[in-house]
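Everything on this sheet refers to the single structure shown next.
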Amino acid sequence: MKQILSLLIILLSFQQAYSQNKYADADSVALLVKGDDVAEIHQQLTENLITNEEKVRAFYSWITHHIQYDVAESLRAEKVYAKQDPQQVLKSKKAICHGYSSLFLRFCELSGIPCYLVSGYTRLDGKYDAAGHTWNMVNVNSKWQPVDATWGAGGVDSRGKYIKAFTGKYFLADPVNFLYDHYPFD
C-alpha cells in the first residue's frame, strides 16, 4: 500500500510539473512581447509557435500579464464599451471583462482559431454577481474549452484595489469545473 501511495504521489507531482512546463515556451514569448497594435502583437506572439494550443496560451498569458483590470470602469453604472475595443484596450492597457475577452477573441480570429464571446453570471465566495461577466470559448484540439483571461489575471480586493495575480486555472479549464462559478446566459 505504501508503494502504491508513493507511486501515486510521484505521478501527481510529475503531472503538475508537466502541466506547468507544458506552456513554458508560450509563456516566455508572451512576457517579452511589447506593443500597442493588435496585428503586431499577434504576429510577435505566434511567429515561432506551431500549435493552436501554444498560440492560445500565448494570447492568454500576454493578456493576463499586460492588461490591468479597470476598476473605475467596472463601477460605472453605464459602461463605455468603446473602451473595450481590442485596439483601445491595447492603448490604455486597461479593460473590464468584455475588453479582456474581446482582445482574446481578436487574437484567435487573426490565427483562424474558432472562438466565441460568452456572457453570463458568475459566483464568487458563494454569491452570484448580478452585474454579469464575459469570457471565451475556444476550440483547441477539436474540443471547445472555456478561457477567462480576466479571472486569470488577478482580482479586486476588499478595498476595491486590483491585485495582479496570474493563474492558469482559467485557461482551457475543465468545463464541468468551470460551471461551478461561470453560468452562461445562453
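Side chains included, hydrogens not; waters and symmetry mates left out as well; all remaining heavy atoms used.
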Q: For this output row, return yes or no: ring centroids of Tyr23 and Phe171 closer than 6.0 angstrom.
A: yes
Q. Which value, rounded to the nearest 0.5 Å, describes the distance between Tyr100 atom OH and Ile63 atom CD1?
A. 9.5 Å
Q) What is the ring orientation for Phe59 with His42, classed by angle as parallel under 30°, tilted 30 to 60°, or perpendicular over 60°? A) tilted
Q. Shortest non-hydrogen contact from Ala173 to Phe178?
A. CB-CD1, 3.7 Å
Q) Do the side chain of Ser111 and the main chain of Cys108 share a donor and acceptor less than 3.5 angstrom apart? A) no
Q | Side-chain touch Lys34/Gln44, heavy atoms, less than 4.5 angstrom | A | no
Q) Between Trp151 and Arg123, what is the shortest heavy-atom contact and its length? A) CH2-O, 4.0 Å
Q.
Working to the nearest 0.5 angstrom, can you tell me the gap between Ile67 CD1 and Lys164 NZ?
A. 8.0 Å
**Q.** Lys55 side chain reached by Ile50 side chain, heavy atoms, under 4.5 Å
**A.** no
Q: Dump the intermediate steps for side chain to side chain contact (heavy atoms under 4.5 Å, CB included) on Leu117 and Asn136, then the final yes or no.
A: CA-CA 5 Å; Leu117 291 179; Asn136 300 92; 3.6 Å; yes
(Q) Let's go through Arg57 and Asp27 carefully: what are the C-alpha distance in whole Å and the side-chain angles of both, what is the deciding distance for side chain to side chain contact (heavy atoms under 4.5 Å, CB included) to 0.1 Å, and is it a yes or a no? (A) CA-CA 7 Å; Arg57 176 56 180 225; Asp27 289 343; 2.8 Å; yes
Q. Does the side chain of Asp85 come within less than 4.5 Å of Ser102's, by heavy atoms?
A. no
Q | Carboxylate-amine/guanidinium proximity below 4.0 Å for Glu73 and Lys94 | A | no
**Q.** Atom pair CH2 (Trp135) and NE2 (His98), whose distance is rounded to the nearest 0.5 Å
**A.** 13.0 Å
Q. Of the non-hydrogen atoms in Leu90 and Asp36, which two are nearest, and what is the gap between them?
A. CB-O, 3.8 Å
Q: Nearest 0.5 Å please: distance from the CG atom of Asp25 over to the OG1 atom of Thr51.
A: 10.0 Å
Q: Give the intermediate values and the outcome of side chain to side chain donor-acceptor pair (under 3.5 Å) for residues Gln84 and Gln88.
A: CA-CA 6 Å; Gln84 306 314 308; Gln88 292 303 315; over 6 Å; no
Q: Show your working on side chain to side chain contact (heavy atoms under 4.5 Å, CB included) between Glu53 and Leu172 and close with a plain yes or no.
A: CA-CA 9 Å; Glu53 186 173 357; Leu172 302 182; 4.0 Å; yes
**Q.** Nearest-0.5 Å distance that lies between atom CG in Leu110 and atom CG in Leu105
**A.** 9.5 Å
Q | Side chain proximity check, Thr134 to Val118, heavy atoms < 4.5 angstrom | A | no
Q) Are Glu109 and Arg106 ion-paired here, with the side-chain N under 4.0 Å from a carboxylate O? A) yes
Q: Of all the heavy-atom pairs spanning Asn139 and Trp144, show the shortest one and how long it is.
A: ND2-NE1, 3.0 Å
Q.
Take a 6.0 Å sphere around OH of Tyr180 and say whether it holds more than 12 heavy atoms from other residues, nucleotides or ligands.
A. no
Q: Might you work through the side chain to side chain contact (heavy atoms under 4.5 Å, CB included) test for Lys83 and Val89, ending with a clear yes or no?
A: CA-CA 6 Å; Lys83 289 174 137 184; Val89 168; over 6 Å; no
(Q) Looking at Lys169, I want to see if its NZ is surrounded by more than 12 non-hydrogen atoms of other residues, nucleotides or ligands under 6.0 Å. (A) no
Q) Of the non-hydrogen atoms in Cys97 and Thr150, which two are nearest, and what is the gap between them? A) CA-OG1, 3.3 Å
(Q) Looking at every non-hydrogen atom in both residues, tell me the closest pair between Leu45 and Ala30 and how far apart they are. (A) CD2-CA, 3.7 Å
Q: Have a look at His182 and tell me which of Asn177, Asp148, Thr122 forms a side-chain hydrogen bond (donor to acceptor under 3.5 Å, both in side chains) with it.
A: Asp148
Q) If you measure from NE2 on His66 to OG on Ser61, what distance do you get to the nearest 0.5 Å? A) 8.5 Å
(Q) I want to check something: taking the side chain as every heavy atom from C-beta on, are Phe107 and Tyr60 in contact at a cut-off of under 4.5 Å? (A) no
